[in-house]
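Scope of the values below: all heavy atoms of this structure, side chains included, with no hydrogens, waters or symmetry mates. Residues take their numbers from the sequence shown, with the count starting at 1. Both counts, for ligands and for their atoms, begin at 1 and track the order of listing. Since this is a predicted model, take the numbers as computed values, not measurements.
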Amino acid sequence: MNAPVDASLRPTLGRACGKLILVGEHAVVHGHPALALPFHQVEVVAEAIPVPGPVQVTSERYDANLAGLRRTAEATLVACGRAPRGFSLHIRSTIPMGAGLGSSAATAVALVRALARACEHELPDAITTGLVNLAEREAHGQPSGLDAATILLERPIRFRREHEPVPIALGTRAHLVVADTGRQRDTRAAVAAVTDMLRHEPARAQACLAALGGLSSDAEAALAGGEVVALGQVLDRAHDLLSALGVSDLALDTWVGLARRAGALGAKLTGAGRGGCVLALAGDARMAGAIAAAWQEAGAAAVYQEELTG
Ligand code: PMV
C-alpha cells in the first residue's frame with residue numbers, strides 16, 4: 001500500500017504574466033514617462049514547497065540570477081513574519097529569457113506570490129514591489145521599476161520613476177504582434193550605452209529621451225481615443241528615436257521593416273533593444289496574420305498575437 005501523501009508538502013503556486021513596453025523604454029530610466037501593458041501570451045509559475053533547511057530556488061529555464069531570487073525569497077518570508085528558511089521554490093516559465101518580455105520581473109513576482117500564499121499572508125503591493133525590485137536590481141543594476149509595476153498590476157499603465165503607476169484607458173480595438181528575434185539582449189549594457197551617449201552628446205541624447213517621453217502622452221491620447229493610425233505613427237517615431245539613441249541596430253531595423261512592408265500601422269523594438277523583441281500594431285486580425293507570417297518566414301524564435309481591447 002502507498003504511504004499517505006502529506007498535504008503540507010503540496011506546492012503552493014504563484015503566477016505572473018509578461019509585459020510589453022509600448023513606448024518610453026530608456027526614457028523612463030531618465031525620469032520620463034513610459035507606457036506598458038501586461039502580456040498574457042507568456043507566464044511564469046513558481047511552486048513553493050515547504051522543506052526543512054535553507055531556501056532553495058531551482059528553475060527549468062531561468063538560470064540567471066538565482067542568487068538574487070533566493071534573497072528575494074528570504075526577504076519575502078521575513079515580510080510574512082516567518083524565518084528566512086524552510087522552502088524550496090521551483091520556477092517554470094514560458095517567457096523567453098533576455099527578450100524584453102519581463103522574464104526576470106515576472107519570475108520574482110511569481111515567487112513572491114507563491115511564498116505569500118504558502119504563508120497565508122497578504123502583502124501590500126508596495127512591499128511586493130520592493131521585494132521584486134530587490135531581485136531586479138541584481139539582474140539589471142538600476143531598473144526603473146516599470147517591468148515590476150506592469151506585471152504586478154496586470155493593467156496597462158503610464159509609469160514614471162518615483163511616481164505611482166497610473167492605469168490607462170484603452171478606447172481602441174487593435175492587434176499587437178510580437179516577435180522574439182531570438183537574439184538575447186543585455187539590458188544593463190543597453191542602459192549603459194544611453195548613459196554614455198548622455199555623457200558624450202548630452203544635448204542630442206536629452207532631446208531624444210524627452211521626445212520619447214513626449215510620445216508616451218501622444219500614445220496615451222491615441223489609445224484613449226481609439227486612433228489606431230495615430231498610434232502606429234507614434235510607434236514608428238519611437239523606433240526612430242531609439243535608433244538615434246543607439247539601442248536599435250541593423251538586424252532590429254530589418255525586423256521592423258518586415259512588419260511595415262507586411263502592412264503594420266507602426267512597428268518598433270520593445271524593451272532594452274540590441275536584440276530581444278519587436279512589436280507591430282495591426283488594425284485587424286487579417287493584417288496581424290500577415291505580419292506574423294512575415295516574421296515567421298524570416299525565422300523569428302517565437303511570434304505572438306495579442307488583442308488590445310478597450
Ligand atoms: O529589460 P527590458 O528589455 O524589459 O528593458 C527594460 C526597459 C528599460 O527602460 C531599458 C530599462 C528600465 O529599467 O526601465
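Within ligand 1, the atoms closer than 4.0 Å to a non-hydrogen atom of P143 are 13 (O), numbered from 1 in the order shown. Which parts of ligand 1 touch T187 is read off a 4.0 Å heavy-atom cut-off, strictly below it: atoms 1 (O), 2 (P), 3 (O). Heavy-atom contacts of G271 reach the following atoms of ligand 1: 3 (O), 5 (O) (cutoff under 4.0 Å). Close approach of ligand 1 to E25 is summarised as follows: ligand atoms under 4.0 Å from at least one heavy atom of the residue are 9 (O). Close approach to D147 involves these atoms of ligand 1, each under 4.0 Å from a residue heavy atom: 4 (O).
E60 and S93 share no side-chain donor-acceptor pair at under 3.5 Å.
Atoms CG and CG, on L308 and L22 in that order, are 7.5 Å from each other to the nearest 0.5 Å. Atoms OG1 and CG, from T270 and L252 in turn, are 11.0 Å apart once rounded to the nearest 0.5 Å. A distance of 5.5 Å separates NE2 of H32 from CG of L209, quoted to the nearest 0.5 Å.
Look at E136 and you'll find every heavy atom at least 4.0 Å from all atoms of ligand 1.
Here the protein heavy atom with the shortest distance to atom 7 (C) of ligand 1 is I21 CD1, 3.6 Å. Nearest protein heavy-atom contact of atom 11 (C) of ligand 1 is V29 CG2, 3.6 Å. Here the heavy atom of the protein found nearest to atom 2 (P) of ligand 1 is R185 NH2, 3.2 Å. Protein heavy atom at the shortest distance from atom 9 (O) of ligand 1 is H26 N, 2.9 Å. At the top of the distance list for atom 4 (O) of ligand 1, counting protein heavy atoms only, stands K19 NZ, 2.4 Å.
Summarising the local packing, CZ of R185 is surrounded by more than 12 heavy atoms from other residues, nucleotides or ligands at distances under 6.0 Å.
Contact annotation: the side chain of R15 never approaches that of R113 to less than 4.5 Å [non-hydrogen atoms, C-beta and beyond].
Ligand 1 has an N or O atom lying under 3.5 Å from an N or O atom of S144, backbone or side chain. Considering backbone and side-chain atoms alike, A272 places an N or O below 3.5 Å from some N or O of ligand 1.
Minimum heavy-atom separation, L170 to P156: CD1-CG, 3.8 Å.
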